Amino acid sequence: MSERTTDTAGPAAHDDRADAATEVFVAHRNLLFTVAYEMLGSAADAEDVLQETWLRWADVDLATVREQRAYLVRIVTRQALTRLRALGRRKESYVGTWLPEPLLTAPDVAEDVELADSVSMAMLLVMETLQPTERAVFVLREVFDLPYDEIAEAVGKNPAAVRQIAHRARAHVAARRPRDVVSPAETRAALAAFQRAVETGDLQNLLDILAPDVVLLNDGGGLRRAAPKPIVGSGKVARLLGGGFNRFRGRTCVERVQVNGHPGLIVRLDGEIAAVVAVRVGVGRITGLYVVRSPEKLSRVERETALSR
């Protein structure tokens, strides 16, 4: 009788532990995805990291974990660091310009100004210039406000070293981040004017909304036609965009959405998503255009992705 009781109780207890682990993981999933995405700039890789994090979390005895959130962030950070180092090698052979994978985000992301800034295309590209450990420390400290001792455990450094890394990363980012700070209303107005100009084919209106030194980055991933290098100057950018929209006039549809916490555009060709456009705005004009055309990076804009911190 006692052996039968042990046999039946064992699986039941295991199921209870699995349910508890699942409940905790699901409660923190959006946070963990956001950490991984900000470290990697790729939703697909962030999802892989979350899967690896879950497999490790499922083997943990929850009774031994004092701070579940900190423990999970530590696992996801370590897995993301491993993935980030591997991605660095892959990006060296990437065809053309590499841009982060865009996300369709909910309005609540835009309302959190610091979160929206940290996931913007411009900021993710700045973070690409950090070393892997610097990027992890910057994200955990500046975006998620984790204490230095928790960050130290996550990246395998002592707290004093983490403070130095954080100081260096902050200075690095400050020297490269966009200087202009504009309101969401200004960005929406500039984007609306840009949309009208490309839809009507009005070259002059397009030139009027583009800053003279505007930069366009175009990511086709080697699978779609895209400019292999940055295009600089309002004249060159206007001619490229005007020519593209005129060539497919009547077959394209442009929709305003929230891309990575900021106003952006989805461009459809014959009903299928052909590109996602994110913008950087300064003093009423568009100073940066980020055009993602790689099919491998467009799957996440079919639905909203939840982010949190």
Side-chain angles (χ1 to χ4, degrees), residues 2-87 100-109 111-112 114-116 118-119 124 132 135-137 139-141 143-147 149-156 258 260-261 296-297 299-309:
S2 60
E3 289 182 2
R4 182 180 299 174
T5 301
T6 301
D7 289 340
T8 56
H14 180 271
D15 288 345
D16 288 343
R17 287 196 298 272
D19 289 345
T22 301
E23 183 178 346
V24 172
F25 187 84
V26 170
H28 292 91
R29 191 187 190 284
N30 292 344
L31 163 73
L32 299 175
F33 176 85
T34 307
V35 171
Y37 177 73
E38 293 210 19
M39 285 183 60
L40 300 168
S42 164
D45 286 294
E47 290 289 0
D48 287 345
V49 163
L50 254 64
Q51 180 64 26
E52 293 160 2
T53 300
W54 161 248
L55 292 175
R56 284 158 178 77
W57 175 248
D59 286 337
V60 172
D61 181 357
L62 298 190
T64 66
V65 179
R66 291 200 312 273
E67 295 288 341
Q68 294 172 338
R69 179 180 184 271
Y71 197 101
L72 280 165
V73 168
R74 185 159 70 244
I75 299 175
V76 83
T77 299
R78 290 175 178 174
Q79 296 306 310
L81 273 172
T82 300
R83 181 62 62 100
L84 184 58
R85 294 181 177 111
L87 283 177
E101 183 178 350
L103 301 177
L104 190 67
T105 50
D108 65 323
V109 175
E111 292 166 6
D112 185 337
E114 290 184 355
L115 177 59
S118 70
V119 296
L124 289 173
R135 185 166 183 169
V137 170
V139 167
L140 295 179
R141 182 63 184 173
V143 182
F144 296 94
D145 198 28
L146 263 61
D149 57 343
E150 284 187 25
I151 300 173
E153 286 195 51
V155 301
Q258 288 285 317
N260 287 58
E296 294 179 347
K297 294 184 178 181
S299 62
R300 298 289 297 209
V301 292
E302 294 281 8
R303 63 193 185 283
E304 287 183 352
T305 296
L307 301 175
S308 69
R309 64 189 183 113

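Predicted model, so just to flag it, every value in this text is computed and none were measured. All values below come from the heavy atoms of this structure, side chains included, with hydrogens, waters and symmetry mates left out.
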### Message
Contact between Glu304 and Pro107 at the side-chain level, heavy atoms closer than 4.5 Å - yes or no?
### Response
yes
### Message
For His28 and Tyr71: C-alpha separation, side-chain torsions, deciding distance, then whether side-chain contact (heavy atoms from CB on, under 4.5 Å) applies.
### Response
CA-CA 11 Å; His28 292 91; Tyr71 197 101; over 6 Å; no
### Query
Are Glu153 and Asp149 close enough that some pair of their side-chain heavy atoms sits under 4.5 Å apart?
no
### Summary
Closest heavy-atom pair, Ala70 versus Glu150, reported as atoms and distance to 0.1 Å, is CB-OE1, 3.5 Å
### Query
Looking at Leu124, Val49, Leu81, which one forms a side-chain contact (heavy atoms from CB on, under 4.5 Å) with Leu40?
Val49
### Task
Please answer whether the main-chain N or O of Leu146 pairs with a side-chain N or O of Arg141 as donor and acceptor at a distance below 3.5 Å.
yes
### Message
Within the 4.5 Å heavy-atom criterion, are Trp57 and Val24 side-chain neighbours or not?
### Response
yes
### Query
How about Ile75 and Leu32: do any of their side-chain heavy atoms sit closer than 4.5 Å?
no
#### Entry: N/O donor-acceptor pair under 3.5 Å between Thr34 side chain and Leu307 backbone
no
### Message
Could you tell me if the side chain of Trp54 sits less than 4.5 Å from the side chain of Val76, heavy atoms only?
### Response
no
## Note on the structure
Here the gap from Leu115 atom CG to Ser308 atom OG, rounded to the nearest 0.5 Å, amounts to 8.0 Å
### Task
Side-chain contact test, heavy atoms from C-beta onward, threshold under 4.5 Å: evaluate it for Arg78 versus Arg56 and give yes or no.
no
#### Entry: Leu62 to Ala21 - nearest heavy-atom pair and separation
CD1-N, 3.7 Å
### Query
Which pair of heavy atoms, one from Leu84 and one from Arg135, lies closest together, and at what distance?
CD2-CD, 4.2 Å
### Query
Under the 3.5 angstrom rule, does the side chain of Asn260 hit a backbone N or O of Pro102 as a donor-acceptor pair?
no
### Task
Take Glu101 and Ser299 through the test side-chain contact (heavy atoms from CB on, under 4.5 Å) and record every step on the way to the result.
CA-CA 9 Å; Glu101 183 178 350; Ser299 62; 4.3 Å; yes
### SB check Glu38 Arg309 (cutoff 4.0 Å)
no
### Query
Hey, is CD on Glu47 packed in by over 12 heavy atoms from elsewhere, all under 6.0 Å?
yes
### Message
Apply side-chain contact (heavy atoms from CB on, under 4.5 Å) to residues Leu103 and Phe33 and explain how you reach the verdict.
### Response
CA-CA 12 Å; Leu103 301 177; Phe33 176 85; 4.2 Å; yes
### Message
Using 0.5 Å steps for rounding, measure from the CG atom of Leu50 to the CD atom of Gln79.
### Response
10.5 Å
## Note on the structure
Minimal heavy-atom distance between Val139 and Val35, with the atoms involved, is CG1-O, 4.5 Å
#### Entry: Closest heavy-atom pair and its distance - Ala136, Val155
CB-CG1, 4.0 Å
### Query
Can you find a heavy atom in the side chain of Thr105 that is under 4.5 Å from one in the side chain of Val119?
no
#### Entry: Nearest-0.5 Å distance, OG1 of residue Thr53 to CD of residue Gln51
9.0 Å
### Message
I need the minimum non-hydrogen distance between Ala116 and Gly261, along with the two atoms involved.
### Response
CB-O, 3.7 Å
### Task
For side-chain contact (heavy atoms from CB on, under 4.5 Å), just list the numbers for Tyr37 and Thr305, CA-CA rounded to whole Å, side-chain angles, deciding distance to a tenth of an Å, and then say yes or no.
CA-CA 11 Å; Tyr37 177 73; Thr305 296; over 6 Å; no
